[in-house]
Amino acid sequence: EASAAHETTIDGFHLVIDALKLNDIDTIFGLPGIPITDLTRMAQAEGLRVISFRHEQHAGNAAAAAGFLTQKPGICLTVSAPGFLNGLTALANATTNCFPMILISGSSEREIVDLQQGDYEEMDQLAIAKPLCKAAFRVLHAQDIGVGIARAIRAALSGRPGGVYLDLPAKLFAQTMEAEAGRRSLIKVVDPAPRQIPAPDAVKRALDLLKGAKKPLILLGKGAAYAQADADIRALVEKTGIPYLPMSMAKGLLPDTHAQSAAAARSYVLQEADVVMLVGARLNWLLSHGKGKTWGQDKGAKQFIQIDIAPTEIDSNVAIAAPVIGDIGSCVAALLAGVDAKWAKPPAEWTGAIAERKDKNLSKMAVTLAARPSPMNFHSALSVIRDQVKARPDAIVVNEGANTLDFARSIVDMYEPRKRLDVGTWGIMGIGMGFAVAAAVVTDKPVIAIEGDSAFGFSGMEVETICRYNLPICIVVFNNNGVYRGTDVNASGTPDVAPTVFVKNARYDKLMEAFGGVGVNATTADELQKALAEAVASLRPTLINAVIDETAGTESGRITSLNPSTAKKK
Ligand SMILES: Cc1ncc(Cc2csc(CCOP(=O)(O)OP(=O)(O)O)c2C)c(N)n1
């Protein structure tokens, strides 16, 4: 009520709320407690949606996913010290993924922290947050709240998006100021993510390289999905006729069934391509740093074109022949303007060779996917989910695990942009339920969370959150009794099970039933198909415990080579 027009003063609580609302922020993901419990109540009373979690890491992951999906910074609100620390993993992961989010944490007063006098949940949070995020600010005076929120929003969205920390000491909320002055102190951020237009000569250099290529390839990264330049990206691919590869969260920018998709011939095109254009994709570990066997090191040098908003990203791993610096929307538009009707499509021997390998690999995959072994394996269970997503391309897929992640990435086709959320650049487990909640809250679309059983365990308690808000989320737990698989044994002879093995034949579906959701134990593909179709149609919170052959997995899935012991054997 203090922020109502007729009031003569306004307090810190309402200045924070009004600043967020002024900047079109309508949702807060958080977990109440001293000193922000009242802020959550007041925010809800003032019309903000407040989604309260069971662990701050998942609130933070939800904020990050909301940022990726909306281009508005997701807001995560936590208590001080331990709550702040729980949010830090999500803040650091958002920064690594370039997802815009703001972690707002209550904190102890500076005079106590700086003298280390042992306050309740005392911690120098600003200092600790700084190395882990894009920017970090603290506000001490009510009249600075408007600036603090504005700076955090601009830092999260401008340039390369990322995580920002905003430190609000407890006493700030109770401070008051004259209401009109308070309203004047708030800032509506103008153009928080300004377009950055590429230099014409850089665009020409890139187009000339593409024109001269015998085996061109376009690589689309999650930055291309975040850019929401969908029509231009699709037009650039289709007008040039160049084959493309989507990284996992870029899937759906063009339908995975598109004739120019080279995903089913990934190894071949990475080895053979002579000019590669990176659009919102970084040459990090996910792309073998742009060198070595993956890139056909003995097949002659490749030339890279790289579109990125950060000039310092260029040459990070290998030389970039044609950097195009700017925001992806502006860069793609400029390139597209240079593709005229006379543009020569890539040589038929290149596109033909890709098509041949694609057809062979897809035919082999079709046979595998048609099989119905008992118990289910990753492929048969994923072929059911593949069919459901094909029937409901508007559904959002969340995915984490090792085998569950790697196989789903190639088996479950996506048809629309920003419909797949997964472990991203870090390969972090635990994003599942936070990302699923955000996807449901932000889009109102059905969400299918494809979860390894270990991965699900990181955020499983949020099943209660999902039921509490009655969210349209269907969790499919690929239960193979362990991390990667369930067959490891403890060679020591002591009674403990092996470190990678779980309770055998656990019933995760009972967890969902505990909170009023729908639980289903699926032992066959048909049972999985029926339960999944019903969940997507009913939009009821559902958990399907998909019983998977416990011998089916491989250690660390596709990245087993990163295990030191594996590397040693080489
Ligand atoms: C925060 C964090 N802690 C540990 C790990 C290491 C890891 C990578 S994948 C994975 C789980 C694999 O088991 P799951 O049963 O989910 O998958 P599946 O093979 O499909 O059966 C772990 C623990 C990571 N990446 N992040």
Side-chain angles (χ1 to χ4, degrees), residues 55-61 64-65 85-97 132 248 284-286 375-386 397-412 421-436 448-463 475-488 497-508 511 522 528 543-566:
H55 188 291
E56 292 90 347
Q57 180 175 335
H58 313 309
N61 285 333
L85 286 174
N86 285 347
L88 266 191
T89 303
L91 181 70
N93 189 49
T95 305
T96 303
N97 276 336
L132 297 172
S248 66
N284 53 27
W285 74 281
L286 289 165
M376 287 186 280
N377 61 21
F378 290 100
H379 291 81
S380 59
L382 286 168
S383 74
V384 169
I385 299 175
R386 169 193 171 98
V397 166
V398 173
N399 186 207
E400 58 179 345
N403 300 278
T404 306
L405 174 86
D406 294 340
F407 289 130
R409 189 174 25 227
S410 55
I411 292 172
V412 182
L421 299 168
D422 63 33
V423 299
T425 304
W426 255 356
I428 186 172
M429 292 303 116
I431 53 90
M433 296 309 102
F435 279 18
I448 301 171
I450 308 172
E451 296 280 309
D453 45 354
S454 164
F456 172 70
F458 285 79
S459 64
M461 190 60 214
E462 302 301 341
V463 160
I475 306 161
V476 184
V477 175
F478 278 52
N479 185 353
N480 61 351
N481 292 332
V483 184
Y484 313 127
R485 55 177 172 247
T487 53
D488 285 4
V497 295
T500 53
V501 168
F502 294 151
V503 166
K504 292 273 185 187
N505 310 318
R507 290 288 303 273
Y508 293 96
L511 187 63
L528 172 57
L543 192 151
I544 303 170
N545 181 64
V547 179
I548 302 292
D549 175 357
E550 66 172 13
T551 67
T554 53
E555 178 108 355
S556 301
R558 182 179 64 89
I559 58 173
T560 189
S561 61
L562 295 185
N563 282 301
S565 46
T566 312

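One-based numbering, in listed order, for ligands and for the atoms of each.
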Nearest option to atom 20 (O) of ligand 1, as decided by whichever heavy atom of Thr554, Ile559, Thr404 sits closest:
Thr404
Check the orientation of Phe378 and Phe407. Use parallel for under 30°, tilted for 30 to 60°, and perpendicular for over 60°.
tilted
Quick note on ligand 1: atoms under 4.0 Å from a heavy atom of Gly482 include exactly 15 (O)
When rounded to the nearest 0.5 angstrom, what distance separates CG in Asp422 from OG1 in Thr404?
12.5 Å
Counting C-beta onward and ignoring hydrogens, is there a side-chain heavy-atom pair between Glu400 and Phe456 closer than 4.5 Å?
no
Considering all heavy atoms of both residues, which atom of Glu56 and which atom of Gly87 are nearest to each other, and what is their separation?
CB-N, 4.0 Å
What do you reckon, does Gly427 put a non-hydrogen atom under 4.0 Å from ligand 1?
yes
Could you list the atoms of ligand 1 found under 4.0 angstrom from a heavy atom of Gly452?
14 (P), 15 (O), 16 (O), 17 (O)
of all protein heavy atoms, closest to atom 6 (C) of ligand 1 is Tyr484 OH, 4.5 Å
Does only the side chain of Phe456 get under 4.0 Å from ligand 1, or the backbone, or both, or neither? Count heavy atoms.
neither
Just wondering, do Trp285 and Leu562 contact through their side chains at under 4.5 Å, heavy atoms?
yes
Heavy-atom proximity to atom 21 (O) of ligand 1, best of Asn480, Val423, Asp406
Asn480
Among non-hydrogen protein atoms, atom 17 (O) of ligand 1 lies closest to Ala402 N, 3.1 Å
What residue and atom, counting heavy atoms only, is the protein's closest point to atom 4 (C) of ligand 1, and at what distance?
Phe458 CZ, 4.0 Å
Going by distance only, is there an N or O of Val483 that falls short of 3.5 Å from an N or O of ligand 1?
no
Under 4.5 Å between any side-chain heavy atoms of Thr560 and Thr554, yes or no?
no
No-hydrogen, no-angle side-chain donor-acceptor test under 3.5 Å, Thr96 and Asn93
no
For ligand 1, is Gly457 a contact, meaning one of its heavy atoms is under 4.0 Å away?
no
State if Phe378 counts as touching ligand 1 under the rule of any non-hydrogen atom under 4.0 Å.
yes
Please confirm whether Asp453 comes within less than 3.5 Å of ligand 1 when only nitrogen or oxygen atoms on both sides are compared.
yes
Does His58 use its side chain to pair, donor to acceptor, with the backbone of Phe458 at less than 3.5 Å?
yes
Using the rule side-chain contact (heavy atoms from CB on, under 4.5 Å), only one of Val397, Val477, Ile411 pairs with Ile450; which is it?
Val397
Contact (N/O only, under 3.5 Å) between Phe478 and ligand 1
no
Of all heavy-atom pairs between Ala408 and Asn399, which one has the smallest distance, and what is that distance?
CB-OD1, 3.2 Å
Does the side chain of Val423 come within less than 4.5 Å of Met429's, by heavy atoms?
yes
Closest to atom 19 (O) of ligand 1 among protein heavy atoms sits Asn403 ND2, 2.7 Å
From Gly401, Ala455, Ser454 - option closest to atom 23 (C) of ligand 1 by heavy atom
Ser454
Atom 5 (C) of ligand 1: nearest protein contact (heavy atom, Å)
Met429 CG, 4.0 Å
